[in-house]
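Shown next, in structure tokens, is the structure this report addresses.
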Amino acid sequence: MRYTEDVDEEVPVLIVGGGGAGLTASMLLARLGVEHLLVSARPQTSDLPKAHVLNQRAMEVLDDAGVADAIAERSTPAEQMAATAFYAGFASPDPESPDQKSPDQESPDYGRRLARLECWGAGGDDDGWRAASPWRQLNLPQIRLEPLLKARAEELSPGRIRFGHELTDLEQDAEGVRATVRDHASDRSYVVRCQYLLGADGGRRVAGLVGLEYEGLGVVTQTATLHVSADFSPWASDPDVLIRWIFSPQAGVLVVMVPMGPERWGPDSEEWVIHLNYPVDDPRAQSDAQVEADARRALGLPDVPWKVHKVTRWSVEAVLASAFRAGRVFLLGDAAHRHPPTGGLGLTSAIHDAQNLCWKVAAVLAGHASPALLDTYEAERRPADERNAQRSLENAVNHFGIGQALGISHEATPEQNMAQLRRMWSGRPEDAGHRSAVLRMMRAQSMEFSELNVEYGYRYQSAAVVPDGSAPPVPVDGIRVYQPSTRPGCPLPHAWIDDEDGGRRPVKDLVAPGRFLLIAGEDGHAWCEAARALATEAGLPLDAVRIGHLDGDLYDPRCTWLRHRQITSGGAILVRPDRFIAWRHQAAAADPRAVLAAALSQVLARPAGLAA
């Protein structure tokens, strides 16, 4: 059925939702030359100080969008996000010092550090993380990040980013989507016709309108979060620590504290978030006053001045959409999957969703690929997102396991809980086994703070990847150790590349927006000639370059690319616009044009110049 009703606007792509996923999609589509419109029901960007960790791959995507440098300027300094740590309480209330401005008068046991872990590349000091990407992990709360994304999206697409405009209905046919949008300011509704609709509204409306449901992977607990302005510097030690995991003797629960900046970080941060966990359906979590009182008691700070900006509640659970696509409607970000924050995989997964989908939509709209290419979005992203959601859940569960191993409980007295915590430093022989077991569990949380292979080493399997018959690499550790590979489906390994004048850039920057890149060995002239011929004859967005240490179009000064490329000097690899390996041929071929054309035909789901 085709809709014949008048429409107010027509646009190739309509994005619904103005959070991290929607704004990233807008920026990427703009860089790809795709006209689009973004509508968001919210009047402005998020006022929630959440989703603060931006992993290296996410920063690469944001670099593509031209906003990474602005984020880096506001991010937590590297030296103040190099570690995370576990503590025995925060402060000890002193009845004789109700103003609580003299931590030295408190019990020295309160606030004692139990363990410290390096996190997210140790502020740039970890060799494995430096070798993975030209970007380091950054940290910027969503409340400060989204305005930067919105400003950049508006710069790239003036007048096309509309907050306060709410999708109220949609219908679709074989050729497009008819969406009804209400402008809250004027209370006027208008109709937008688009070829594709990207649902990035956090699951609020789009999924339900197209009949998609959500599947729960598990619920651990519910959490109340306070966003406060306060001076915690007298009690917050360890300036290199980003996230503090505090086992409170007073409350017998885990409290999480994270600095929010905006101008100072570490112990001197002007703003903080405080996370408190409650049993599911606990009515205490629904009262702002009760949550504030519980936080003060748990931290041992009943009278320290603070300003509460906002109290929010959320479930520590993992949720996945039943499908990521319904006809011409696609889900991405929180509309497709929602995670616990442990591991920082939610927003970063959303950014990766947008990267995966946008180049494919652009290729289809430009006629370079058939619409069948869009089938690979769910095939590639759903397994990655499901793994990330499951990993986030496991990270959260392990934290609660640490509390149980310590032996603290909300049913015990503060004195009993502190007695259990003191076993960690008592030095008594009978406590040695207990201490070792708890410390092992804390070290195991490297599965959250050093999950480089989760963040960087995932691989795609779909029709847009041409297998070469090689076995998948087996990592030393499937969570923590990323081992670069050019096997089809893997991300492009990082290496620094020079031109003849010594100008240096990361190999990722050789991949232009929306274009494929063939990288041949230094003797791969025939592959490059074949690629250029196909690009001209079939009108394909395809570039070609030879990289070698001594010979080539560009040079590998440190032999890093040589170590990672896994092809001979006469071989070649094909890199997709999202910088994942589409195809690999380890040596020269008798007919490189035909071989390359066959690979491109599979990836693009359309003939790509097979005729001689």
Side-chain angles (χ1 to χ4, degrees), residues 11-76 133-165 198-202 260-263 332-335 344 346-359 361-362 506 508-509 511-515 577-579:
V11 67
V13 179
L14 175 64
I15 302 170
V16 179
L23 290 169
T24 300
S26 173
M27 293 184 291
L28 293 178
L29 288 174
R31 295 297 295 268
L32 291 166
V34 176
E35 184 185 357
H36 63 281
L37 175 67
L38 182 149
V39 298
S40 173
R42 298 183 304 182
Q44 58 189 5
T45 53
S46 177
D47 61 353
L48 302 178
K50 60 178 184 176
H52 49 97
V53 174
L54 295 164
N55 69 26
Q56 293 171 290
R57 184 180 297 287
M59 287 309 305
E60 291 180 8
V61 178
L62 295 170
D63 190 25
D64 297 339
V67 74
D69 288 338
I71 294 170
E73 289 179 7
R74 299 291 305 277
S75 170
T76 307
S133 172
W135 281 94
R136 71 170 179 89
Q137 202 101 336
L138 297 186
N139 183 77
L140 189 65
Q142 192 167 342
I143 193 172
R144 319 218 192 278
L145 171 70
E146 286 189 5
L148 298 179
L149 304 184
K150 181 172 180 283
R152 178 58 175 162
E154 290 172 336
E155 178 186 358
L156 291 169
S157 304
R160 311 303 286 168
I161 310 300
R162 300 177 185 171
F163 278 64
H165 289 237
L198 310 189
D201 63 342
M260 291 284 117
E263 304 302 329
L332 61 161
D334 283 358
L347 173 59
T348 54
S349 296
I351 291 170
H352 305 154
D353 291 344
Q355 182 199 33
N356 184 284
L357 180 58
C358 286
W359 79 265
V361 169
K508 81 172 189 66
D509 286 0
V511 184
R515 299 184 66 82
D578 59 353
R579 294 188 294 273

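Throughout, residue positions are numbered sequentially from 1 according to the sequence presented. It should be emphasised that the depicted structure is a prediction, and the values quoted were computed from it without experimental measurement. Values below: every heavy atom of this structure, side chains too, minus hydrogens, waters and symmetry copies.
Of all heavy-atom pairs spanning G333 and A350, the tightest one is CA-CB, 3.5 Å. Considering all non-hydrogen atoms of both residues, F163 and P43 come closest at CB-O, 3.7 Å. A30 and L156 get closest at one heavy-atom pair: CB-CB, 3.7 Å. G20 and L149 get closest at one heavy-atom pair: CA-CD1, 4.2 Å. Minimum heavy-atom separation, L148 to V67: O-CG2, 3.8 Å. The two residues I15 and H36 make their nearest non-hydrogen contact at CD1-CD2, 3.8 Å.
Looking at heavy atoms from C-beta onward, Q142 lies out of side-chain contact with L48 at the 4.5 angstrom threshold. Annotation: side chain of W359 is not in contact with side chain of L28 (no heavy-atom distance under 4.5 Å). Put simply, the side chain of Q355 reaches to within 4.5 Å of the side chain of D64, judged on heavy atoms. Side-chain contact between R57 and T348: absent, with no pair of heavy atoms (C-beta onward) separated by less than 4.5 Å.
To the nearest 0.5 angstrom, Q137 atom CD is 8.0 Å from L54 atom CG. With rounding to the nearest 0.5 angstrom, the CG atom of L138 is 13.0 Å from the CZ atom of R74. The distance from the CG atom of D334 to the OG atom of S349 is 9.5 Å, given to the nearest 0.5 Å. C358 contributes atom SG, which lies 6.0 Å from atom CG of L198 (distance to the nearest 0.5 angstrom). Atom OG of S157 and atom CG of L23 lie 10.5 Å apart (nearest 0.5 Å). Here CG of L29 is found 10.5 Å from OG1 of T24. Values are rounded to the nearest 0.5 Å.
Judged by distance alone, the side chain of D578 and the main-chain N or O of N356 form no donor-acceptor pair under 3.5 Å. A donor-acceptor pair under 3.5 Å links the side-chain atoms of S75 to the main chain of N139, judged by distance alone.
In this structure, the side-chain contact (heavy atoms from CB on, under 4.5 Å) partners of P134, at least two apart in sequence or on a different chain, are E60, H494, W496, P506, K508.
The list of salt bridge (Lys or Arg N to Asp or Glu O under 4.0 Å) pairs with a residue in residues 137-154, not counting sequence neighbours, reads R42-E146, R144-E271, K150-E154, R152-E155.
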Please step through side-chain contact (heavy atoms from CB on, under 4.5 Å) for the pair H52 and T76, ending with a clear verdict.
CA-CA 10 Å; H52 49 97; T76 307; over 6 Å; no
